[in-house]
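Both counts, for ligands and for their atoms, begin at 1 and track the order of listing.
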Amino acid sequence: MTTRRTLLAAAATLVALPARARDYTAGDLAIMHPWTRAAGASANGAAFMRLRNTGAQPDRLISASTPAARVVELHTMIRDGDVMRMRPVTDIAVAPGQTVELRPGGFHVMLIGLTGPMAQGGRVPLTLRFERAGEVQVELSVEAAGARSSGHH
Ligand SMILES: [Cu+2]
């Protein structure tokens, strides 16, 4: 795993990405590349990341908060006929040995009512609360408004 991470870091350096999302750890959980999209004040936003459970116990993301939004919810996307709709979920489970991806079109942390603009290239603080790993502070790297990924995948 260490070798793989080193290779990823080297690849990121070569590509010279505009905004670099960081990785975080909390107990047995790795929170990788947390990111969001540029958006104006009072709009809604969404945060994405990968969650990897390297331990032997299940864990769950149970809530999140940020000063950047009035309300923060955990959402998934469900197919409703031929449209995709967002739906709140009570938690996002991360089983032992699993990696769960929060990404456009799937699970995301919904940022409702941004308290200010999120500018591309900036960083936005986000507190994640896990059932086992507890509270983790991360920073979202703000990518372009229409970005489909953090550019690290
Ligand atoms: Cu949503």
Side-chain angles (χ1 to χ4, degrees), residues 5 8 12 15 17-55 57-153:
R5 184 159 296 188
L8 279 175
V15 177
L17 296 158
R20 293 205 173 90
R22 282 185 49 194
D23 291 345
Y24 302 81
T25 55
D28 290 331
L29 281 188
I31 299 113
M32 296 173 286
H33 306 326
W35 67 283
T36 187
R37 295 176 178 132
S42 79
N44 294 332
F48 311 103
M49 67 201 71
R50 278 181 293 157
L51 304 174
R52 178 183 294 166
N53 185 346
T54 60
Q57 302 293 327
D59 206 346
R60 298 184 298 159
L61 176 61
I62 50 178
S63 69
S65 60
T66 175
R70 286 189 292 103
V71 176
V72 179
E73 295 180 350
L74 305 179
H75 280 186
T76 190
M77 299 283 284
I78 55 146
R79 183 170 291 282
D80 179 8
D82 51 3
V83 275
M84 297 295 287
R85 295 190 194 283
M86 299 192 292
R87 173 176 286 179
V89 292
T90 54
D91 56 73
I92 298 172
V94 193
Q98 267 199 346
T99 300
V100 173
E101 187 161 13
L102 281 65
R103 58 177 174 75
F107 284 124
H108 55 278
V109 176
M110 191 75 196
L111 311 175
I112 301 170
L114 298 179
T115 54
M118 298 197 296
Q120 185 176 353
R123 292 188 177 279
V124 173
L126 181 71
T127 302
L128 302 169
R129 286 179 201 84
F130 295 93
E131 188 176 53
R132 285 185 64 85
E135 209 168 278
V136 191
Q137 301 275 347
V138 304
E139 279 190 326
L140 303 168
S141 74
V142 183
E143 311 283 345
R148 296 295 298 168
S149 80
S150 68
H152 290 253
H153 295 239

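Smallest separation of non-hydrogen atoms from Val142 and Met118: CG1-O, 3.9 Å. Minimum interatomic distance between Pro34 and Ile31 (heavy atoms only, all atoms of both residues): CD-O, 4.4 Å. Of all heavy-atom pairs between Ala133 and Asp59, the closest is N-OD2, 3.0 Å.
Side-chain atoms of Glu143 and Ser141 form a donor-acceptor pair, as typed in the model, at a separation below 3.5 Å.
Among the backbone and side-chain atoms of Asn44, none of the N, O or S atoms lies under 2.8 Å from the Cu ion (ligand 1). Taking 2.8 Å as the threshold, Met77 does not count as a candidate ligand of the Cu ion (ligand 1), since none of its N, O or S atoms lies below it.
The SD atom of Met110, the Cu ion (ligand 1) and the ND1 atom of His75 define an angle of 110° (nearest 10 degrees).
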